[in-house]
Every structure is written in C-alpha cells, then in structure tokens.
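Residue numbers begin at 1 in each chain, while the letters A, B, ... track the order of the sequences. Values below: all heavy atoms of this structure, side chains included; hydrogens, waters and symmetry mates excluded.
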Amino acid sequence: MASTASVAIVATLPGCALGTRRDEVERRALLRMARLLYPHDGLDDAIYRDVLEPLLVRADGDGALAGDLRAGIEMLDAEAGGNWRSASPDSQLEALKRIEKSAFFETMRDAVQRALYEHPTVWELIGYEGPSVQYGGYLHRGFDDIDWLPVE
Amino acid sequence: MPREYDLNDDRVVVVIGSGAGGGTVANELAQKGIDVVCLEAGGRLTLADVVNDYRLMNERMGWHDERRGAGVWLCKTVGGTTMRWSGCCPRLLVHELRARSTYGAMDDTTLIDWPLTLEELEPYYDQAEAKMGVSGTNGLPPLAENSHFKVLKAGARRIGYRDITTSHIAINSVAYDGRPGCQQIGFCNAGCAIGAKWSTLYTEVPKAETTGHFELRTHAMAIRINHDERGRVTGVVFRDVDGVLHEQRARAVCVACNVVETTRLLLLSESSLFPDGLANSSGHLGRNYMRHLAQGVSAIMPGPVNQHRGTAQTGFVRDEHRHDPRRGFAGGYLLELSGQPPFVFARKAGWGADAQRWMENYSHGAGLLLCGEDPPQASNRIGLHPTDKDALGLPIPVLEYSLHPNTKAMMQHAVAQGRELYSSLGATDIRDNTDQLGGGCHNMGVARMSADPSDGVTNRWGQAHDVPNLFVSDGSVFSTSGAPNPTLTIVALAIRQADHIAERMTQGTL
Ligand SMILES: Cc1cc2nc3c(=O)[nH]c(=O)nc-3n(C[C@H](O)[C@H](O)[C@H](O)COP(=O)(O)OP(=O)(O)OC[C@H]3O[C@@H](n4cnc5c(N)ncnc54)[C@H](O)[C@@H]3O)c2cc1C
Ligand code: SF4
C-alpha cells in the first residue's frame, strides 16, 4: 500500500536530521513517550516522529526548551530506577503517571496532541473525513444519514 | 464606491473595529448618509482566502498579540470574530434585563438591571435578525438538522425537554441577501468559505462601501483616543501597517474592539482630565468582566454520528433558559450543539488507554456546550500589565477571572443534565471539560450601561457617561450577561445606537 511506502521514506529521510540534532537516546525516549500518551496501534512510528518534529525544531533554537526536554527524560529515568526506555511497558506507564503533573509532561502532551490529531493519516484511522469544501460540503455526502436513533 | 477621508476631516465618525459591533454601527451610520472612517487592526481576507484548515485560518485571522491570564480566542481581521463565530443567536429574555430586580442581591456581585427594557430592544432584535439572516425568522426556514443535532434532539426529548430548535442561527438555511444557503461544510469556526454564515466581512462592510459614506482602513491599530480641554473626544491616534502613527480627527468615536482591546484602548487614553482611563470616573472600566458559563459535555454514542459533517452548532435546547431558583441557582442556561474537529475533541481525551478509546471512537462522538448566565463581579477585571509590553510596545492586557459560586452551581446542574441526555441514548463514556473557565469566546461587561453614572461607564445608548461624543459599540456595554450568546444583542444595540447618533446629529446635539 502507498502509505507503507511513504512511511518507509519518511523514516529514512528526516531521521538523519533528527539524529544530528539530538542524541539518539533522547529522541527515542521522546518518541516512546509520544506513543504512550496517545497509543494508536494502527500508527507507524513515522507518524509520531512527524508529530514530534516541530517540537524538536523549536528545541533546536530554544536552549531552555531543549534543557527542559532533557531534564524531563532524566526525571523519567529516575522514576524508572535507571533507564526509562528499557523498562517494561508497565513500569514506563507508571513512571509517566507519576510525572503527569509536571511542566515537561504538559509540554509533551500539548505538542503531541494537537499535531497528532491534525495529521491526515490519523484522520483516516479515527474516522474523520476532513476538508469538504472542495466536494461541496457534506450536503450530499451524508450530513444527516444517522440511522440508529430510537424512534419515538 | 469606497471613499477616502482626510486625516483632518473632523466631521467623520470614527468607528474602531469592524466586527459584529463596529461593522454594524459603521454600516448603519453610512446608510443614513453619515461619513464614517473605520479603523481595523487586521487585514482584509476574501472568501477565496478561507480554506478548510484550522491552523492556517488561525494564522490568517487570529489575534496573536500577547495577553495574560484567562485565555480568549478572538480575531484580528476585517469582520473580527464574526469570521470565527458559530452563529447562535438567541434573544435575551425579559428577566435577564432585570437581573438585579429578579435575582435580588447576590453576594460578591455588582448586579444591576439594564437601563433599557426588552420591549425597547425588540424592534432592534427584529432588524438584527433580518440583517443577519437568522434561521426561523423573516420567512427563513430552520436550519437542516444534521445527524449530530438529531442525537442532541433525541436525547433531549428522552429526558423531558421540549423546546429544541435549529431556528435562531445566523447561517443561511436557504439563499438570502445575495449569499448562498449552508452547504454543510462543517468548518464554521475556521471561517465559512461560501459566506453562508453571517460575517461583517461580506455583509456590513461592502454594504457600507456602496453608500459612498465609508472608508475602511485596514492594518490600522488605534492606540489612543484624544480629547479637548472640555473632555470631548477630538480624534484617534492609530498605527499604520508600517508602524507610523497618524491621528484621524473625529466628530464622534465608536469603540468596538471586543472587550479586551476596548478596555486597553480606553485605559491607554488616560489624561490629566481622565487619570484612570478615558470615561472612567466611576472606576468601573475594565471591571464586571463576564464570559458566561461555558462548559462542554461530550460522549461516545452507540452508533456513528460524524459530528464533523455539517454545521458545528446547528441548534440548541432552551428548556433550562429561565429563572427558577428551585434548581439551586439564579438565571438559566442553554444546551447548544457543539461539533468538534479531532484536535478539539482530543481535549477531553486524557492520555494513554483513555485517549485511545476516546479518539478511536471519534466517529461515534457527540458533544454539547452549556452556555449560561455569569453574574458580574468587581474582581473579574481586565487591566494592563504595569511593566511588560507587547511587540508593538503597548502594555499587555491582563485578564483576571474566576467563576462565581452561582455559576459553579449552575455548572453542576447543567453538566448533570448534559450527561443524562447522552446516557439516555446508551452512551457509556461521557466526559466534561476540564477547562472550568470556558474558551473566552463570549466577552461582556467592562464598560457597562447603567442608569446611575456611578454604577457603570455608559448610559442606555452605550454613550460614555463622562464623554458625550464617545460611544462603546461592543459587548462591553452589557449590564449583565444573560444566558444567550451575545452577538445578536451586540448587533441589535449597535443598530439602536446608530439611530441615536443620527438623531442627535440632526438635533445638533452631537
Ligand atoms: C469560536 C467562537 C464561536 C462563537 N460563536 C458564537 C455564537 O454562536 N453566537 C454568538 O452570539 N457569539 C459567538 N461568538 C462570539 C462572537 O464572535 C462575538 O460576540 C462577536 O464577534 C463580538 O463582536 P465585536 O464587534 O465585539 O468584536 P469582534 O467581532 O471580535 O471585532 C473586533 C474587531 O476590532 C478589531 N480591533 C481590536 N482592537 C483594535 C484596535 N485597537 N484598533 C483597530 N481595530 C481593533 C479587531 O481586529 C476585530 O476585527 C463566538 C466566538 C468564538 C471565538
Ligand atoms: S456548515 Fe454552513 S455555515 Fe458552516 S462553514 Fe459550512 S456552509 Fe458555512
């Protein structure tokens, strides 16, 4: 399928850009966290990588943000008693739960949430049909086609 | 034919802002042959610039200058927030204009009655509805019911509600006034690409331009209103697109910058005569800031809903829009349909498995917005940061806002009703908003109309108590909030104000 092919390309192309910016370990931890925040099994890692990209670009030009991200991962490592990313999925989740009031958690959640659910690949997965003006709206595309409501 | 007026022409009325209030008052004055210069901080889009992309449209039309405190989500563009609004247009009820008399003294409020009656307002509501193409009025049918609305209606009926309607929405249910009927595009809050939803960008502004009595200046940010030694306003200083300052002389000034900026402009216009801000001898300017109970309830329904298909806020339930203290609070609220794109629906998602369940069921999602009366409090106020400046070098507005206990009691009731409505149809996962302050879409108060000049900033015409040729033409003049979304009332008051200004000019008293 076309989407698998494009996923493979996305994974190889900007990956090196990410690698030069942030060390690989940190990048993988953030990627893992993004997936745990909004876990959709049907989504390839490449989507989460796309979604994180704007945050990482911002961190490149913003030393304070870069520091916050690094400190956040250290916080997770501490909560997991060592290396958070190599901990079991359950311990990873528990560590996340313990830091869910932190500014780092908020930063990650805000960044991932908006970008993820604005991603057209995700729309397909969740059943959102997106822009409609080019099709004349939903007027002739089922805007009122509900059929399961109880009849009174 | 658009006009161009000289900066020294002091016969013009300067209207600041081109949104619901400013666009309307400007057009109404121009229609009467009164010369108007409208200063608008934003640029002018065309319908071709309106695309189905929330992020891009926010870049194109959103207000991005810095603000602190409680958030607001407004626009800087010709048309103002009528580009982004949903179009719900309920009328205030008779008791809402008599809040102090009806509810009695409420602790920690500055409740007053409006200095005008519903009877006086009604003819202007009629005119506003005709102007805006409000569904179910002026021979226009109610809006078509989309699937999402049918869910709201079925649930509402199950829990005993009867007053459920898709009338009172300023979206063309059929072609009207040279604009097409709604095509159920569903991106109402990113601008209506076909102009079916009323916005001053493609109604009031071009209509004013055809009179030959109107000039729109875009990228013109008003930063000060000047006055003479008698305390009458004489002109408006504005910053053009290149950052150059000019003064437009004026016979009278109408301020319609949407509450936050209206407050800032009047505070910035302080002088030795008005040391606490222009027209602020009462000390009420910036205070009594109101923004409605605005709480969302969403649910995952047993079957597909496709809330994104069609009008975002197609209609509402009015049964709770009444004063009935037996419910444990004063005033009332509306249950309004609220269709949300995924990135908004996600705000109730939580995270982890919770989020997965919520978002993967997006197609079965339904939602409503509870919109209710919020009493005025002196401590809810908009002020200026004492030291911090924004990119234009102006003091940053600071919004202090907290919910009154009456609003919290109303919220509990309203959320319980909303949850009941969806569970009556078999929804099991029902969530309410964590944002207890609402979105800051509806802004009111800060320069309220009062019978007694010591109780507010403006009189029953929205004319400043202190300055006879200064008018406020936006939601700032609301004496109390009532439950209804504010824009129909803003437009009705603006039409009424234009009549008053014209009359005073004819009499030679303005
Ligand atoms: C998402 C959303 C949905 C909404 N839905 C509804 C609804 O269904 N029903 C309803 O009744 N209301 C709704 N509203 C509220 C509605 O948009 C406002 O009530 C209405 O637009 C207010 O009109 P206004 O003229 O006061 O301000 P605006 O329409 O915001 O216009 C103010 C204008 O003034 C300009 N301006 C500000 N400061 C300056 C300055 N210093 N110099 C020059 N120009 C300046 C701005 O750029 C802007 O164009 C909604 C709002 C939002 C955000
Ligand atoms: S649903 Fe109707 S009002 Fe909303 S954007 Fe579409 S055509 Fe415009």
Validation: residues 133-146 of chain A side-chain donor-acceptor distances under 3.5 Å, sequence neighbours left out:
from	atom 1	to	atom 2	distance (Å)
Tyr138(A)	OH	Gly130(A)	O	2.8
Arg141(A)	NE	Gly137(A)	O	3.1
Asp145(A)	OD2	Arg309(B)	NH1	3.2

Acceptor/donor pairs from residues 107-114 of chain A side chains to any protein atom, 3.5 angstrom cut, sequence neighbours excluded:
from	atom 1	to	atom 2	distance (Å)
Thr107(A)	OG1	Ala103(A)	O	2.8
Arg109(A)	NH2	Glu106(A)	OE2	3.2
Gln113(A)	NE2	Tyr38(A)	OH	3.1
Gln113(A)	NE2	Ala346(B)	O	3.1
Arg114(A)	NE	Glu118(A)	OE2	2.8
Arg114(A)	NH2	Glu118(A)	OE2	2.9

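Residue Val151(B) touches chain A through both its backbone and its side chain, counting heavy-atom pairs closer than 4.5 Å. Both the backbone and the side chain of Arg55(B) come within less than 4.5 Å of a heavy atom of chain A. Heavy atoms of Glu145(B) lying under 4.5 Å from chain A belong exclusively to its backbone. For Asn146(B), the parts lying near chain A are the backbone and the side chain together; criterion is any non-hydrogen pair under 4.5 Å. Residue Ala353(B) touches chain A through its backbone alone, counting heavy-atom pairs closer than 4.5 Å.
Taking chain A as the reference chain and counting heavy-atom pairs below 4.5 Å, the highest number among Pro341(B), Ala349(B), Gly303(B) is found for Gly303(B). Taking Ile126(A), Leu116(A), Leu149(A) one by one and counting their heavy-atom pairs under 4.5 Å with chain B, the maximum is reached by Ile126(A).
Closest heavy-atom contact between Trp351(B) and Leu96(A): CH2-CB, 3.7 Å. Nearest heavy-atom pair across Tyr54(B) and Tyr128(A) is CE1-OH, 4.3 Å.
Taking 4.5 Å as the heavy-atom cut-off, the residues of residues 361-369 of chain B that approach chain A are Tyr362(B), Ser363(B), ordered by number. The stretch residues 165-183 of chain B places Cys182(B), Gln183(B) near chain A, each with some heavy atom under 4.5 Å from a heavy atom of that chain.
Side chain to side chain, Gln356(B) and His40(A) fail the donor-acceptor criterion of an N or O pair below 3.5 Å.
Taking the side chain as every heavy atom from C-beta outward, Glu129(A) and Asn306(B) approach each other to under 4.5 Å. Put simply, the side chain of Leu425(B) reaches to within 4.5 Å of the side chain of Pro150(A), judged on heavy atoms.
Although no hydrogens or angles enter the test, the distance criterion places a donor-acceptor pair under 3.5 Å between the side chain of Trp148(A) and the main chain of Pro304(B).
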